[in-house]
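The structure appears right after this line, and notes come after that.
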Amino acid sequence: MASDLMDIVRGFTPAHADLARSAGIPALLADEDYVEAMARVVYYWAYPGVDTFGRTSMWELMDGKAGLQLGILPGAPKNFTGGLADYLSPAQRWVVSPNNDTIYGAGFADLTEDAAVIQTPTDVAAGHYWTIQIVDVLTNVVHRLGSASGTPGGKFLLVGPGWSGNVPAEFRGLLRVPTNVAGVFPRSYAAHSEESQRQARAVLDQIGMYPLAENRPGQRSFGYEDAAKTAIFPPGITAEMLAADPDAGRPQWVKPESFWSDLGRMLDFNPRMSDADTPMADQARALVALHRSDTAYRALLDHAALRADVALHQAATYTQVGQDAGNGWQRQPGAGRWRSDWFGRALAAVIYIYVNDFHEAVYLIRGTDSDGSLLNGREHYTMTFARNDLPPVDRSRGGFWSLTMYDKDAFMFPDAPSGRVNIGTVDLDAGDLEIHDGTLTLYLSHDEPDDPAARANWLPAPDGQFCLIIRAYVPTSAILDNVYRFPDVIRSRQ
């Protein structure tokens, strides 16, 4: 492999670049153009993988510990999952575009030498939503377990690409991942009532990951609620610092200035990729080898990474990402199952990384109103669901929907005066919304509405630009096939 890579690297320099009268210069420039163009494509392809591999730094921070990163984020050692005891705090600034419908768990597996156990719950109330999303290092959803999929309770064996062996008799099946690193993300639906919160925690406590070496007969309790009482901070970060500045120490998972070195480490740790990603992985390895071996090309590659990063972040906004889904909403149709949509996967990594497989949950986003103007909290907007036409989700498998408010950077509004950062199924089930003759109108603004009925259906907005996301979990075919149309966001003319 190393000799093959060096043959490719040597091919990026013309055999006779020093011909008289500068006759070799056109070939040299052509080679440089090719390398620069490929470097930018590789940057988009690899961005989610470099991001994910950077997050495995959690292994060192949480080694031998049980608790929450920064006191707000689920954290766990290698091949374990950690979990929260409540919704993710709206005040946090580390996770972009989180939901406020489920209680999160998270962990990252190292499958280079051993397998891991994925445990699913055996005691779940009918209609309760739960899921375990499993992604490879490039954020492709490889497996989805849960109520939407009808997954039975028990144990599954999670293995990497090089694993061979027999699945233990008590296990329900084998879950193979094409890369050595896997992300494992449990979630459990929680309404606002204390009873629902208890149920959500009870289900979450039954789902997660641990090393195969620690497997014992029967189901284990993960103890997330007790662990959540302990806050664990990275070196140099304190609770006081975060209280004063929520962005303090916020990681930049992908740094264009060190991209090729970081990519090289990710590829070394993950020598195999999925069939769809293998050809680009080969191109990436060649460029990493070129960056390591050629000083002149190193500068060109670093510059290409900087330009690609700027372009990616300019494109990755709620105003621009996705295709038209009707009434001003946008959607990435193949979300989670990216295959060769490398640019779409990179965009998602910036604005809502680890998005579910679209069969599990459909995400619709927007940053503009019906007139195409940017959404801003100083204005007043409405969204009206027609009579008896609420989003069609499969409640028998735990389906629900929500509309979540974010600021322009895709973080939740921490100081919402009503404490409400999203609105949807949980509010309907609790009887908190005003419905007139089967019609539901939602009100979006920074200022509190004067009318009591509007106030009951009010989703507070920041005092400035904002963006929105609709989540439809366990969508029916009407949503999957884009037949159902979510209502437009209309600015008041008063």
Side-chain angles (χ1 to χ4, degrees), residues 48 50-100 102-111 116-119 130-135 137 139 158 180-188 190 200-201 203-211 213-214 220-243 245-254 266 269 349 352-354 411-412:
V50 173
D51 186 307
T52 294
F53 194 63
R55 293 171 193 260
T56 62
S57 60
M58 180 173 72
W59 292 340
E60 182 177 356
L61 174 65
M62 304 297 296
D63 188 22
K65 307 181 188 75
L68 299 187
Q69 298 182 87
L70 313 169
I72 53 175
L73 301 171
K78 184 184 296 186
N79 290 10
F80 287 91
T81 45
L84 302 178
D86 200 348
Y87 298 128
L88 191 62
S89 169
Q92 67 82 34
R93 300 277 296 182
W94 285 48
V95 178
V96 176
S97 302
N99 76 51
N100 200 56
T102 68
I103 300 179
Y104 278 99
F108 292 95
D110 172 0
L111 302 173
V117 179
I118 301 294
Q119 180 177 294
W130 67 272
T131 185
I132 304 177
Q133 175 193 22
I134 300 175
V135 303
V137 74
T139 73
L158 183 70
N180 285 335
V181 170
V184 178
F185 307 112
R187 300 181 183 91
S188 179
R201 289 191 291 268
V203 173
L204 188 68
D205 192 55
Q206 301 174 62
I207 59 180
M209 172 177 65
Y210 60 89
E214 295 196 11
R220 72 157 54 187
S221 169
F222 285 88
Y224 298 136
E225 190 172 358
D226 286 339
K229 299 172 184 176
T230 301
I232 298 172
F233 294 89
I237 303 296
T238 66
E240 292 73 22
M241 291 171 61
L242 286 173
D245 177 12
D247 280 315
R250 180 183 167 204
Q252 181 184 357
W253 300 116
V254 183
M266 186 275 281
F269 200 93
Y352 45 28
I353 193 168
Y354 307 129
F411 293 105
M412 286 189 284

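Note that this is a predicted model, so its numbers are computed, not measured.
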*asked:* Surrounding CD of Glu60 (heavy atoms of other residues, nucleotides or ligands, distance under 6.0 Å), is the total greater than 12?
replied: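 It does not: Glu60 CD has 12 such atoms or fewer within range.
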_The test is side-chain contact (heavy atoms from CB on, under 4.5 Å); show your working for Asp205 and Glu225 and say whether it passes._
CA-CA 8 Å; Asp205 192 55; Glu225 190 172 358; over 6 Å; no
Looking at every heavy atom in both [X] and [Y], which two are closest together, and how far apart are they?
| X | Y | value |
| --- | --- | --- |
| Ala231 | Gly71 | CB-CA, 3.6 Å |
| Ala106 | Pro186 | N-CD, 3.8 Å |
| Pro211 | Val117 | O-CG2, 4.2 Å |
| Pro74 | Gly82 | CB-O, 3.7 Å |
| Leu158 | Ala109 | CD2-CB, 4.1 Å |
| Ile72 | Ser89 | CG2-CB, 4.4 Å |

To the closest 0.5 Å, what do you measure between [atom1] ([X]) and [atom2] ([Y])?
| X | Y | atom1 | atom2 | answer |
| --- | --- | --- | --- | --- |
| Asn99 | Arg187 | CG | CZ | 6.5 Å |
| Thr81 | Phe108 | OG1 | CZ | 11.5 Å |
| Met58 | Leu73 | CE | CG | 9.5 Å |
| Leu61 | Thr56 | CG | OG1 | 12.0 Å |
| Ser188 | Gln206 | OG | CD | 9.0 Å |
| Gln92 | Arg250 | CD | CZ | 8.5 Å |

*Partners of Asp245 by salt bridge (charged side-chain N to carboxylate O under 4.0 Å, His left out), sequence neighbours excluded?*
none
*asked:* Applying salt bridge (charged side-chain N to carboxylate O under 4.0 Å, His left out), can you list everything that pairs with Asp63, at least two apart in sequence or on another chain?
replied: none
*For Gln119, side-chain hydrogen bond (donor to acceptor under 3.5 Å, both in side chains) partners two or more places apart*: none
_For Arg55, give me all partners under side-chain hydrogen bond (donor to acceptor under 3.5 Å, both in side chains), at least two apart in sequence or on another chain._
Asp51
_By the definition side chain to side chain contact (heavy atoms under 4.5 Å, CB included), identify the one residue from Leu84, Leu204, Val95 that meets it with Tyr104._
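Answer to the side chain to side chain contact (heavy atoms under 4.5 Å, CB included) test with Tyr104 among Leu84, Leu204, Val95: Leu84.
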*Restricting to pairs with a member in residues 52-98, which pass ring-ring contact (aromatic ring centres under 6.0 Å, His included), not counting sequence neighbours?*
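Output for this query lists Phe53-Phe269.
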*Residue pairs involving residues 66-94 (criterion salt bridge (Lys or Arg N to Asp or Glu O under 4.0 Å); sequence neighbours excluded)*: Lys78-Asp110, Arg93-Asp247, Arg93-Asp407, Arg93-Asp409
Side-chain heavy-atom pair [X], [Y] within 4.5 angstrom cut-off:
| X | Y | value |
| --- | --- | --- |
| Ile132 | Val184 | yes |
| Phe233 | Leu242 | yes |
| Thr52 | Tyr354 | yes |

